[in-house]
Amino acid sequence: MNLVAHYYLDRDRVNSHFVVGVATPDLLSIYNSNLRIKARHLKKMSEDQAGMITPPFLSGLYRHFFADGIFHLSPTFERQTKRISNMLKSYFPELNIQRKFFIAHILLELLIDKILIDDNPGILNSYYGHFGALQPFRDLRKTSEIALGRNLPNYESYMQKFLRLQYLYNYAKFDHISRVLQKILQRVGIDNNKYMQSGTFYQLMIDYEQELIPVKEAFFDEIRSSTPD
């Protein structure tokens with residue numbers, strides 16, 4: 001799941017520390033592509049360390065890992081990534097596309113965010129408002145460092161930039177989704193992705209989006225139905 005989907009899942013939660021906690025694992029990987037906070041990092045914390053973290057923020061971190069776990073193992077995820085993989089094969093029969101499942105996984109998450117932004121006017125304004133409430137981000141840096149177990153130099157500046165640029169609004173555009181996908185693939189060593197700039201790939205995204213719109217709530221229903229009372 002991507003940033004907007006995580007927020008949409010629990011959009012009725014009003015505590016900004018919780019909302020930003022949910023987003024933090026993704027924000028850290030954008031801040032530094034080599035950083036990956038995992039649930040095991042939280043389990044390694046001592047009681048004293050955990051006690052230094054705002055409880056709603058810690059709950060948000062755990063919620064992120066729980067939701068991602070259900071999402072990636074869900075039948076809907078399997079069906080939809082397989083569908084995108086087959087579309088890639090069908091729309092580009094002349095290409096030997098590397099790691100189709102990985103591409104399908106990322107594209108699915110990006111398109112879910114796009115649909116949520118399109119269908120929910122004001123969702124990003126509300127989302128960014130939670131980050132604005134935690135400025136100047138000094139405490140956020142400290143709690144994130146405790147959870148991760150390492151220093152995060154210039155994290156406050158990074159978060160100020162995230163809030164100022166508000167780049168998630170660009171996720172409503174297919175050309176931005178294509179560029180983001182290409183950058184992610186380049187980061188993992190897949191350079192043969194120029195086809196993603198083609199009209200055919202844009203048509204694939206348009207066509208698949210129409211298939212995804214009526215089924216996207218199934219992802220959130222599966223997570224909510226698995227959530228402990």
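Keep in mind it's a predicted model, so treat the numbers as computed, not measured.
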*Report the C-alpha separation of S144 and L152 in whole Å, then their side-chain angles, then the decisive distance to 0.1 Å, and conclude whether the side-chain contact (heavy atoms from CB on, under 4.5 Å) test is met.*
CA-CA 8 Å; S144 298; L152 299 171; 3.7 Å; yes
*If Ile, Leu, Val, Met, Phe, Trp and Tyr residues are connected whenever their side-chain heavy atoms lie under 4.5 Å apart, and connections chain through other members, are Y208 and I206 in the same group?*
yes
*Expected output: side-chain H6 to main-chain N2 donor-acceptor under 3.5 Å*: no
*Hey, what do you get for CD1 (I70) to OG1 (T227), rounding to the nearest 0.5 Å?*
7.5 Å
_Less than 6.0 angstrom from the centroid, inside 45 degrees of the normal: does R13 satisfy that with respect to the ring of F18?_
yes
*Verify the neighbour count for atom CZ of R36: are there more than 12 heavy atoms of other residues, nucleotides or ligands below 6.0 Å?*
yes
_Rounded distance (nearest 0.5 Å) linking atom CE of M205 with atom CE of M87_ = 11.0 Å
*Atom pair CG/NE2 of L61 and H17 - distance to nearest 0.5 Å*: 12.5 Å
_Please find the pair of heavy atoms, one from E211 and one from V215, that lie closest to each other, and give the distance._
O-CG2, 3.7 Å
*asked:* With rounding to the nearest 0.5 angstrom, report the OH to CG distance, Y171 to L110.
replied: 5.5 Å
*Find out whether H64 and T24 are in side-chain contact, i.e. whether some heavy atom of one side chain is under 4.5 Å from a heavy atom of the other.*
no
*asked:* Measuring from atom CG of L107 to atom CD1 of I84, what distance do you get when rounded to the nearest 0.5 angstrom?
replied: 4.5 Å
*Would you say R224 and D10 make side-chain contact, with heavy atoms under 4.5 Å?*
no
*Hey, any chance F131 and Y169 share a hydrophobic cluster, counting ILVMFWY side chains that come within less than 4.5 Å of each other, even indirectly?*
yes
_Nearest heavy-atom neighbours spanning D68 and M1_ = OD1-N, 3.2 Å
*State, yes or no, whether a side-chain contact exists between K216 and L116 at a heavy-atom distance under 4.5 Å.*
yes
*Trace of the side-chain contact (heavy atoms from CB on, under 4.5 Å) decision for R79 with K82*: CA-CA 5 Å; R79 283 194 301 272; K82 186 178 294 184; 5.9 Å; no
*Begin from the C-alpha positions of E217 and Y8 and carry the test side-chain hydrogen bond (donor to acceptor under 3.5 Å, both in side chains) through to its verdict.*
CA-CA 10 Å; E217 286 297 331; Y8 177 80; 2.4 Å; yes
*Same cluster for Y62 and L27 if Ile/Leu/Val/Met/Phe/Trp/Tyr side chains link at under 4.5 Å?*
yes
*Side-chain contact test, heavy atoms from C-beta onward, threshold under 4.5 Å: evaluate it for Q135 versus Q160 and give yes or no.*
yes
*Cluster check Y167, I106: I/L/V/M/F/W/Y, side chain < 4.5 angstrom*: yes
*Residues two or more places apart in sequence or in another chain: which of them pass ring pair (Phe, Tyr, Trp, His ring centres under 6.0 Å) with F219?*
F71
*Roughly how far apart are L42 CG and I53 CD1, rounded to 0.5 Å?*
7.0 Å
*Taking all non-hydrogen atoms of both residues, which atom of T76 and which atom of A218 are closest, and how far apart?*
OG1-CB, 3.9 Å
_Donor-acceptor contact present, side-chain N151 to main-chain P153, <3.5 Å_ = no
_Donor-acceptor pair, distance only, cut-off 3.5 Å: does the side chain of S90 make one with the backbone of N86?_
no
*Taking only residues two or more places apart in sequence, or in another chain, which ones meet D26 in a salt bridge (charged side-chain N to carboxylate O under 4.0 Å, His left out)?*
none
*Is a donor on one side and an acceptor on the other found under 3.5 Å between the side chain of D113 and the backbone of A5?*
yes
_Once you measure the plane-to-plane angle for Y7 and Y127, does it fall in the parallel (<30°), tilted (30-60°) or perpendicular (>60°) bin?_
tilted
*What residues form a side chain to side chain donor-acceptor pair (under 3.5 Å) with Q98, not counting sequence neighbours?*
none
*CD/E94: more than 12 non-hydrogen atoms of other groups inside 6.0 Å*: yes
N/O donor-acceptor pairs under 3.5 Å from side chains in residues 174-185, not counting sequence neighbours:
| unit_1 | atom_1 | unit_2 | atom_2 | d |
| --- | --- | --- | --- | --- |
| S178 | OG | M196 | O | 2.6 |
| Q182 | NE2 | N193 | O | 3.2 |
| Q182 | NE2 | N193 | OD1 | 3.2 |

*Mind checking salt bridge (charged side-chain N to carboxylate O under 4.0 Å, His left out) for E78 and listing every partner two or more places apart, or none if nothing turns up?*
none
*Nearest heavy-atom neighbours spanning G132 and L163*: CA-CD2, 3.7 Å
*Step-by-step side-chain contact (heavy atoms from CB on, under 4.5 Å) determination, F77 to S74*: CA-CA 5 Å; F77 177 82; S74 75; 3.3 Å; yes
*L73 and F220: same hydrophobic cluster, using ILVMFWY side-chain contacts below 4.5 Å?*
no
*Would you check if L108 and L212 make a side-chain contact, meaning some heavy-atom pair closer than 4.5 Å?*
yes
*How close do N15 and P56 get, heavy atom to heavy atom, and via which atoms?*
OD1-CB, 3.4 Å
*Just jot down the side-chain contact (heavy atoms from CB on, under 4.5 Å) partners of S198, sequence neighbours excluded, or say none.*
F92, T200, F201
*asked:* Is the distance from the ring center of Y31 to that of F162 below 6.0 Å?
replied: no
*asked:* Under 4.0 Å between a side-chain nitrogen and a carboxylate oxygen: does that hold for E209 and K114?
replied: yes
*N96 and K89: side-chain contact (heavy atoms from CB on, under 4.5 Å), yes or no, with the steps?*
CA-CA 8 Å; N96 179 23; K89 193 183 303 182; over 6 Å; no
*Does F66 have R63 sitting over its ring (NZ/CZ under 6.0 Å from centre, angle to axis within 45°)?*
no
*L124 side chain reached by V4 side chain, heavy atoms, under 4.5 Å*: yes
*Is a side-chain N or O of S126 found less than 3.5 angstrom from the main chain of I123, in a donor-acceptor match?*
no
*asked:* Under a 3.5 Å distance rule, please check whether S46 uses its side chain to pair with a backbone N or O of Q49 as donor and acceptor.
replied: yes
*Would you name the heavy atoms of L88 and I97 that are closest together and state the gap between them?*
O-CD1, 3.9 Å
